[in-house]
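The structure under discussion appears below in the form of structure tokens.
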Amino acid sequence: MTDLRVRIAPSPTGTVHLGLCRTALFNWAYARGRGGAFILRVEDTDRTRSTAESEEKILEGLRWLGIDWDEGPGVGGPHEPYRQSERSDAHALVAAEVLASGHAYRCFCTPERLDELRAAQEAKKETPRYDQHCRDLDPGESDRRAAAGEAHVLRFRVPEGETLVRDLVRGDVRFDHGEIDDWIMVRRTGAPTYNFVVVCDDIDMRISHVFRGEEHLVNTPKQVLLYGALGREAPAFGHLPLMLGTDRKKLSKRTGDTALGDYIAKGYPREAIVNFLCLQGWALDGETEVFDTETFVKSFDITDVQKAGAVFDPKKFLWLSGDTIRRMPIGELLTAVTPYLEAAGMVNPSGIAAQRPWFEQLMEGEQERIELFSELPGRVRPFFEADDAVTYEEAAEKNARKHEARAEHLSAFLEWLEERSEAGEFETSELSAGMKAWVKERGLKFPALFQPLRCALTGMPGGRDLGDCITLLGLERCRTRIQAAVSRLI
RNA sequence: GGCCCUAUCGUCUAGUCAGGCCUAGGACACCAGGUUUUCAUCCUGGCGACGGGGGUUCGAAUCCCCCUAGGGUCACCA
């Protein structure tokens with residue numbers, strides 16, 4: 001059996017894009033589901049745009065998603081180093097080999113000449129391409145000019161013919177070599193280009209399958225040709241459909257957030273993000289939308305991947321987030337939400353531990369009402385406000401003022417509450433039932449008490465069960481709030 | 001524009017490779033009911049698609065061709 005080895009090769013030039021996350025996820029799942037190895041390699045050949053911070057963000061982001069790598073930065077491996085910029089010696093060796101074998105040639109054309117060429121071609125509405133000016137330069141002359149220190153690049157000598165790419169997602173794709181430029185392998189600075197190093201490194205690292213975004217499909221014949229020139233067998237390829245924005249173009253900041261960090265900050269649960277990403281171009285069985293990572297790993301196959309691009313649907317993502325939150329154990333939810341509570345100044349780190357049951361009750365009432373962790377502080381605000389200065393939202397106050405005898409009802413209800421407390425009957429479900437009975441005994445409609453009471457207690461027009469609010473606040477705080485409301489709602 | 005990819009409800013998709021089981025299934029969204037003290041959850045129902053045209057076949061969402069539409073790519077970026 002040939003060793004299954006897949007990789008993700010991000011370039012550290014910015015934020016952690018969701019597309020990268022999905023590609024990583026699919027590669028990783030493919031390896032994990034088949035006992036293969038998953039390798040992480042940092043593609044930092046563009047020295048001017050690559051940053052260490054970006055690289056660190058990528059590693060952090062992948063780890064956060066639950067993706068672990070068998071070889072790569074941080075864990076090492078038999079094919080070190082895993083940062084392309086540190087592999088230049090190997091690249092130089094291969095470049096020399098390709099030049100010596102005649103599959104590549106030196107090109108001494110100046111960037112100015114190339115610019116003019118391109119401009120002329122564009123003016124004539126032709127496809128911009130290299131005119132192979134240096135392709136048939138005499139080898140002796142080429143060597144002399146290079147030895148004399150004349151600046152040059154190394155170009156791949158694309159032969160006549162066509163290349164067949166057998167894509168595990170798309171099937172067979174043919175490319176006529178007449179359409180492929182004699183592409184640059186090594187820049188005049190001596191730095192190798194992406195199409196060149198990606199092949200060198202994938203060979204060195206024994207990569208067996210390359211799954212990446214569809215934007216790389218047209219690069220593939222160039223790479224396949226290089227594998228051939230090097231006498232190596234190309235890996236299997238699979239080009240994933242693009243993730244599209246609502247404008248049906250490649251997902252970009254233009255139509256919404258694209259960075260993993262944005263979603264983490266908003267409080268999408270990890271499971272929801274992974275689950276949603278899995279759904280972009282792949283489906284478990286066509287029926288089941290919600291599944292865990294383990295199920296994904298067990299079921300994922302590259303040949304099941306959709307060919308057409310997938311438009312990113314923020315609404316469905318939000319729904320999935322809320323659904324995931326609703327299924328979380330309360331303790332886990334509390335942990336997830338703690339940073340948001342702290343950031344809102346509602347608790348300090350030890351505060352929750354000291355009143356854990358209270359916080360758990362608080363969470364239980366909100367669990368089905370939030371779709372993102374970040375919504376929580378706004379929703380529980382009333383429970384952290386001063387009792388004599390609850391913020392009344394306009395809609396809540398309006399609802400309360402609809403009832404003529406609001407102050408009388410509130411005062412009477414407070415008396416009833418005091419009695420319940422003295423009687424030791426101050427538990428949520430008994431209170432909820434008792435309140436309803438209280439309203440009916442007086443021949444009232446529910447809103448006559450509940451709307452003013454909700455306003456008094458929370459200042460909000462809607463929300464959790466009022467009995468629940470009462471037990472959460474306790475008699476003292478309820479008394480203050482109701483008394484305040486009696487005067488404020490006159 | 002050249003080349004390449006793609007084409008099922010508004011969106012994500014199942015079904016396409018092995019044509020009949022498809023009067024095309026699920027999910028989100030939307031709409032209407034129900035449950036509920038409110039909000040939310042939850043439940044029920046509804047709306048809603050095989051881009052168009054030719055073939056092949058007894059039979060096509062599924063196979064072939066053309067058209068159309070969308071996307072990707074054309075860097076000394078990756």
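Letters A, B, ... are given to chains in the order of the sequence lines, protein chains preceding strands, and every chain is numbered from 1. The shown structure was predicted, so the numbers you read here are calculated from the model rather than taken from an experiment. Every heavy atom of this structure was used, including side-chain atoms; hydrogens, water molecules and symmetry mates were not.
Remark: A:R379 engages A:E366 in a salt bridge (Lys or Arg N to Asp or Glu O under 4.0 Å) (not counting sequence neighbours). Among residues two or more places apart in sequence or in another chain, the ring pair (Phe, Tyr, Trp, His ring centres under 6.0 Å) test is passed with A:F317 by A:Y263, A:Y268, A:F276, A:F312. Checked against salt bridge (Lys or Arg N to Asp or Glu O under 4.0 Å), A:E55 has the following partners two or more places apart in sequence or in another chain: A:R83. Looking at residues two or more places apart in sequence or on another chain, you find no salt bridge (Lys or Arg N to Asp or Glu O under 4.0 Å) involving A:R212.
Heavy-atom distances under 4.0 Å link RNA chain B to no residue of residues 427-435 of chain A. Residues from residues 401-417 of chain A with heavy atoms under 4.0 angstrom of RNA chain B: there are none.
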For nucleotides 8-14 of chain B, print each protein N/O atom paired with a nucleotide N/O atom at under 3.5 Å, atom names and distance only.
unit_1, atom_1, unit_2, atom_2, d
B:rU11, OP1, A:R248, NH2, 3.2
B:rC12, OP1, A:V311, N, 2.8
B:rC12, O2', A:L279, O, 2.9
B:rC12, O2, A:K316, NZ, 3.2
B:rU13, OP1, A:G281, N, 2.5
B:rA14, OP2, A:Q306, OE1, 2.5

Using atom names, set out every protein N or O paired with an N or O of nucleotides 42-44 of chain B below 3.5 Å, distance rounded to 0.1 Å.
unit_1, atom_1, unit_2, atom_2, d
B:rC42, OP1, A:R326, NH1, 3.3

Enumerate all atom pairs, one protein N or O and one N or O from nucleotides 66-69 of chain B, separated by less than 3.5 Å.
none

Tabulate atom names and distances for all N/O pairs under 3.5 angstrom spanning the protein and nucleotides 46-53 of chain B.
none

Extract from the structure each pairing of a protein N or O with an N or O of nucleotides 74-76 of chain B at less than 3.5 Å, listing the distance.
unit_1, atom_1, unit_2, atom_2, d
B:rC76, O3', A:R187, NE, 3.4
B:rC76, O2, A:R188, N, 3.0
B:rC76, N3, A:R188, NE, 3.2
B:rC76, N4, A:C109, O, 3.3
B:rC76, N4, A:R188, NE, 3.3
B:rC76, N4, A:R188, NH2, 3.3

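Per the stacking criterion (ring centres < 5.5 Å, plane angle < 30°), A:H216 stacks onto the base of B:rA78.
When each of A:L217 and A:N399 is assigned the nucleotide of RNA chain B bearing its nearest heavy atom, the one mapping closer to the 5' terminus is A:L217. Each of A:D172 and A:N195 was matched to the nucleotide of RNA chain B holding its nearest heavy atom; the match closer to the 5' end belongs to A:D172.
Residue A:V173 places its side chain closer to B:rC5 than to any other of B:rC5, B:rC3, B:rA78. Between B:rA78, B:rC3, B:rU73, one nucleotide has an atom nearer to the side chain of A:K250 than all others, and that is B:rU73. Taking every side-chain heavy atom of A:K315 into account, B:rA29 is the closest of B:rU41, B:rC39, B:rA29.
Contact of A:R170 with B:rC5 (side chain to base): no donor-acceptor pair of N or O atoms is detected under 3.5 Å.
The number of heavy atoms from other shown groups lying within 6.0 Å of CZ (A:R254) does not exceed 12. Within a 6.0 Å sphere centred on NZ of A:K57, other residues, nucleotides and ligands contribute 12 heavy atoms or fewer. Within a 6.0 Å sphere centred on NE2 of A:H133, heavy atoms belonging to other residues, nucleotides or ligands number 12 at most.
The base-pairing partner of B:rC3, taking Watson-Crick or G-U wobble contacts with both distances under 3.5 Å, is B:rG72.
If you check every strand for non-hydrogen atoms under 4.0 Å, A:R464 touches a base. Within 4.0 Å of A:Y194, counting heavy atoms only, lies at least one base atom of the nucleic acid.
Outside the 6.0 Å centre-distance limit, the rings of A:H209 and A:F26 are not counted as a close aromatic pair.
The side chain of A:K124 places no N or O atom within less than 4.0 Å of a non-bridging phosphate oxygen (OP1 or OP2) of B:rG1. Between A:K249 and B:rG71 there is a side-chain polar atom (N or O) within less than 4.0 angstrom of OP1 or OP2.
Rounded to a whole angstrom, the distance from the P atom of B:rU23 to that of B:rU16 is 15 Å.
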Return a table of donor-acceptor pairs under 3.5 angstrom between the side chains of residues 441-453 of chain A and protein atoms on other chains or two or more places apart.
unit_1, atom_1, unit_2, atom_2, d
A:R442, NH1, A:W438, O, 3.1
A:Q451, OE1, A:H403, NE2, 2.7

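A:T193 places a side-chain N or O within donor-acceptor distance of the main-chain N or O of A:I184, the cut-off being under 3.5 Å.
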